[in-house]
Structures are given as C-alpha cells and as structure tokens.
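Chain letters run A, B, ... following the sequence lines, proteins first, then strands; residues in each count from 1.
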There are 2 protein chains.
Amino acid sequence: MDASEKPLYKQIEDYVLDQIDKGIYTEGEPIPTEVEFCKLFNTSRATVNKALNILAYNGVIYRTAGKGTFVRMYSMDKQMKKLMGFTEQMKMLNVDSSTEIIGYSRVKADRIPKVKELFKLGNDDFIHKIERVRYVEHDPIAVECIHISPKVISNLQVEDIGGSLYKFIEDTIGVKIGSSNFVISAMNATDEIKSMFPCEVNVPLLKYEQETFLMNGVVFEYNEIYYLSNKYQYKGSNFR
Amino acid sequence: MDASEKPLYKQIEDYVLDQIDKGIYTEGEPIPTEVEFCKLFNTSRATVNKALNILAYNGVIYRTAGKGTFVRMYSMDKQMKKLMGFTEQMKMLNVDSSTEIIGYSRVKADRIPKVKELFKLGNDDFIHKIERVRYVEHDPIAVECIHISPKVISNLQVEDIGGSLYKFIEDTIGVKIGSSNFVISAMNATDEIKSMFPCEVNVPLLKYEQETFLMNGVVFEYNEIYYLSNKYQYKGSNFR
DNA sequence: AAGTGGTCTAGACCACTCG
DNA sequence: GAGTGGTCTAGACCACTTA
C-alpha cells in the first residue's frame, strides 16, 4: 500500500469500474470471483470483499452467495451518487453553465424566522442572503435564494460566490461539507419569484429546498432553488 | 452468531440506532470507541468497524481518525434511505393510507412505445397497465399509472395489487427487487390526469417517474405517479 | 462435492489528533 | 505518547448454488 496513494480496496473499485467502462465486464455477466481478485491484486479476501461490497451497495454490481458477482444493467444514470453543487453537476454533464448574482444582502435574523431557528441565531445576527440566476447554455434555468450562517462565515465577498459555493467553502475556508437534506415540491411562481427571473415564467416551478451541514453537524446554509419545470428535472436512484 | 438470526454487525448497527433514538447517544457527542464496542459485544474490531462504517455511510454518525465517532445532527428526516413503496413509506410515517384501483388492462406494446422499448418487448406482447388512486387519511394524494413487464409476471390478478406492489412481488412471485431510477418534475395536470382524480385539481402536480429493476438487472416495472403539490413533497438526503 | 459470497477472528501497522 | 479510526492479513466456518 506504500507505492500508491490510494488504499488498495479503492484501487480494486476503480479497476472494476474501468473494466465495465471498457466493456470487458459486460451487463448481466459475471466478473471474477473474490479469490481470483486476491491473486490479481496479491491481497486478502477481506480487502477484495470490501471493494466489491461497496460497488454492490452503490448499485454497480450485484452479488449472490453461491453464484457469483454480476454487472448490473443501467439505463438513465451510470454515475454513483455524490453530493454535488450545480456547477459541479453541470461540468460532469459537459454542459456550459454560468451563474449571475442579482442580489447580495445581510438580513436581520428576525426577518426570516425559519432560517433564524435553523441556524440557531440571536436577534442581532445577520444572515447572508444571496440571490442568483442559473444559466445553462445562456438560457435561464432557475433562480436561487441562498442563506449562509454568519456563525460559519462572518465576512463574505461577492466575488467569492460567483462559481461553485461548495468549492469556495472547502477550498478557501477549509471546512469540510458533510451532508444535506432536501425537499422537492411543485408550485406556481409567486410575483416575487417572477420578478427574479430574466424571462417570462409560464410553466410551474420545481422547488428544491436544501439545508447543508458541515462534517461536525453544524448547519451552514439553507437554499431555495426554483427551477423552470420545462428545463430541469431531478434524477436519482435507490438501491436495496 | 448462532443464537440470533441477525449478523453481529447488524446487531451493533441496531444497537447504536436504538441508543440514538433513546437519547443516550446525543447529537454532536462522541459514542464509544471501536475497542469499547469490541468489549461490549465480545467481538473483533473488524466487525465493529464494519457496523460503524455502514452507519457513517448512511449519515447517521461521522468519524474522524484520531478523534472518534460522533452522532450527526438531523432536522428534516432521521430515517436511513431505503427503497420503499408508498404503502411501506406511509406505514413508517404512522399514517393511515389506502389505495383504490380504478383501472386494470393489458395494453398492446405498440400503444406505449416508450415502455415497449424499456421492457424490450415484441409487437405481440401485452403490457400490464394499472391505474390507482392513493389516499392518506381518506384524502386523495396522487394518481398512479403502473406498467408491469409481461416477461416478469405473465398473469396478474386484480386482488394481487391492492396493497404494496413490492411486497406482493417479493413474497408471492419470489423475485428480489434490486434498484430503481427515478425522475421528478413539475407539471400542470392534463385533462386525462384530471379525469383520474376523484377531486378537483387546481394545483400543479409533482410527477414521479420510476423504472424498477430486479436483482439481475431486468426491468420489471415503469411507473408514473402524479402527486398533488399541496399534499406531497419528496424528501431526501445526500452524503459525501 | 466444489465453489461462491457472508461473516467473523485476532492480530498488525499506519496517519492522525490531542493533551 | 496514548488513543483514535483507516487499512490490511491470513486464516476460519457457514449457507447457498450448481453440477
């Protein structure tokens, strides 16, 4: 495990994913057994077992005791799940995306009681509030209202938030983002939301609310994103 | 591992979840170390490590080498992710739910080309098509259009599909369900959908499309569910 | 009966954090 | 330096599937 940075079980994961990408391991067909991988990587069964079980948990392969390990079928999405921001998501899809900031303000906590309670703020705290428009191929897709806790970031510059907010936080502030909860609903645009869009809004909106936590469990941001329903859909997968 | 049916690492998972539920392990606070769990369950570190890492992957706890293991903060939802049908979901939420079948037919594959292609059917195959209304506390929440592949189930009785479809498949047919992909979008009700609802539809709909796979990767069903947006929201979580 | 993955043991060394 | 989780080894027994 010395020569290479990555742990061995991750290298095995990557190897299997690569073989699937190359079409060497194909859909529905068995891949080598644990013992065979042991010889291939000169390692123990526990390490191979860990690698293959992670891939199985993520839906890449499926395993049956007594039979073997097989490549799963895909159709909509191949990627394993990841917590990603919009900019990162769009880059992965190889689409040209951009963001326009249409407002930045510091709002007294009282004015947004829901967020005040979520962040556990006092009356004298100010919430960072950012309003942005998201474009894909120069076409407006969504408007977004971001609330950031002053407990995590006290000073925020407008230029900090032009691109991926998550990347900024992790790189510049050096705090690791842990998890997020979200709620998706459908709604008609209110007049306030209509005024934020740089175009006519004549379709329903897909509303995506999200609260994001740092690794230590502290709430760091609360977002509301309003997507034009004819231009964005939410995709996901579930596994047993 | 003999006396109890469950593997030891699952028992440890359940124990930790139970301690969190009871408030004995609390948010942000450390839980016992791996070595302490080893003594508590009279087991080896590998087993404890597996249990705690599964909980960490599912966002229940977070771990830092050199520091320890801590309980994460929750706010919207506590449950770990699971692939669940509507009936199972509602039971977990302790809500009274029911389903009314408003139509069952076998439709020639040509009539629904999208589904024909997904199931890889020939021209002479017939797709099982079921239309249901979902109620929560006797209040209509959604209408649903289910398509089941004749390759997986050739004969389907109406009484088979009154409750949880997944439970029926797994129990009666004896085939294990593996994974699903889904797409969520917002839309206005079409006249066809309006006619399926036993009530007025004057809000946008949250559309949930889903394709479900068996363990071996075969597509087994394709669903379209139309939720009244004022009565249902989709909730989820993401983790790094 | 032979082979598969599921589970488990009893060790080990490492990088990291903290006092 | 003591303690933590991260990773790994070299064995083991089991239930299950397939021939």
Peer 1: Counting heavy atoms from C-beta on, name the nucleotide in C/dT9, C/dC8, D/dG6 closest to the side chain of B/A46.
Peer 2: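 So the nucleotide nearest the side chain must be C/dT9.
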Peer 1: Regarding A/N123 and A/K108, is there a side-chain donor-to-acceptor distance under 3.5 Å anywhere?
Peer 2: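 Judged by distance alone, the side chains do not pair up.
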Peer 1: With DNA chain D as reference, determine whether B/R63 or A/G66 sits nearer its 5' end, using the nearest nucleotide of each.
Peer 2: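 Here B/R63 is the residue nearer the 5' end.
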Peer 1: Nearest to the side chain of B/N49, heavy atoms from C-beta on, is which of C/dG6, D/dT4, D/dT7?
Peer 2: D/dT7
Peer 1: If I take atom CZ in residue A/F70 and atom P in nucleotide D/dT18, what distance separates them, rounded to the nearest angstrom?
Peer 2: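 For the pair A/F70 CZ and D/dT18 P, the rounded distance is 8 Å.
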Peer 1: Send over the distance from B/L52 CG to D/dT4 P, rounded to a whole Å.
Peer 2: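 Going from B/L52 (CG) to D/dT4 (P), I get 13 Å.
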Peer 1: Among C/dT17, D/dA12, C/dT9, which nucleotide sits nearest the side chain of A/R45?
Peer 2: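 Nucleotide nearest to A/R45's side chain: D/dA12.
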Peer 1: Ignoring backbone atoms, establish whether B/T69 has a side-chain N or O less than 4.0 Å from OP1 or OP2 of D/dT4.
Peer 2: no
Peer 1: For the backbone of A/Y222 and the side chain of A/Q210, can you confirm whether one donor and one acceptor N or O come within less than 3.5 Å of each other?
Peer 2: no
Peer 1: Rounded to whole angstroms, how far apart are CD1 on B/I54 and P on C/dG6?
Peer 2: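 One finds 12 Å between P of C/dG6 and CD1 of B/I54, rounded.
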Peer 1: Answer yes or no: does a side-chain N or O of A/T47 lie under 4.0 Å from OP1 or OP2 of D/dT7?
Peer 2: no
Peer 1: Give a yes/no on whether any side-chain N or O of B/N53 is located under 4.0 angstrom from OP1 or OP2 of D/dG5.
Peer 2: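 For D/dG5, OP1/OP2 do not have a side-chain N/O of B/N53 under 4.0 Å.
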Peer 1: In this structure, how many angstroms lie between the C1' atom of D/dC16 and the OH atom of A/Y62, rounded?
Peer 2: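 It is 16 Å, rounded to the nearest whole Å.
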Peer 1: Looking at B/T33, I'd like to know whether one of its side-chain N or O atoms comes within less than 4.0 Å of OP1 or OP2 on D/dT4.
Peer 2: yes
Peer 1: Starting the side chain at C-beta, find the nucleotide from C/dC8, C/dG5, D/dT7 nearest to A/A65.
Peer 2: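 Among the listed nucleotides, the one closest to the side chain of A/A65 is C/dG5.
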Peer 1: Find the distance B/K39:NZ to C/dA10:P and express it as a whole number of Å.
Peer 2: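 In whole Å, C/dA10 P and B/K39 NZ are 14 Å from each other.
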Peer 1: Are B/D14 and B/K10 ion-paired here, with the side-chain N under 4.0 Å from a carboxylate O?
Peer 2: no
Peer 1: With distance as the sole test, does A/E117 use its side chain to make a donor-acceptor pair with the main-chain N or O of A/K114 at under 3.5 Å?
Peer 2: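 It does not hold such a pair.
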Peer 1: Does A/K120 offer a backbone N or O that forms a donor-acceptor pair with the side chain of A/K151 under 3.5 Å?
Peer 2: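 Yes, A/K151 side chain to A/K120 backbone: donor-acceptor pair under 3.5 Å.
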Peer 1: Tell me whether the side-chain N/O atoms of A/T64 come closer than 4.0 Å to OP1 or OP2 in D/dT17.
Peer 2: no
Peer 1: Does B/K67 have a side-chain nitrogen or oxygen under 4.0 Å from the phosphate oxygens OP1 or OP2 of C/dC16?
Peer 2: no
Peer 1: Find the distance A/I12:CD1 to C/dG5:P and express it as a whole number of Å.
Peer 2: 13 Å
Peer 1: Once you round it to whole Å, what is the distance between P of C/dT9 and CG of B/N42?
Peer 2: 8 Å
Peer 1: What's the closest nucleotide to the side chain of A/E34 if the choices are C/dC8, C/dG6, C/dC18?
Peer 2: C/dG6
Peer 1: Of all the nucleotides listed (C/dT4, D/dC8, C/dT7), which has the minimum atom distance to the side chain of B/Y9?
Peer 2: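 For the B/Y9 side chain, the nearest candidate turns out to be C/dT7.
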Peer 1: Could you tell me the separation between the CD atom of B/E36 and the C1' atom of D/dG5, rounded to a whole number of Å?
Peer 2: 13 Å
Peer 1: Are A/T69 and A/R63 linked by a side-chain donor-acceptor pair shorter than 3.5 Å?
Peer 2: yes
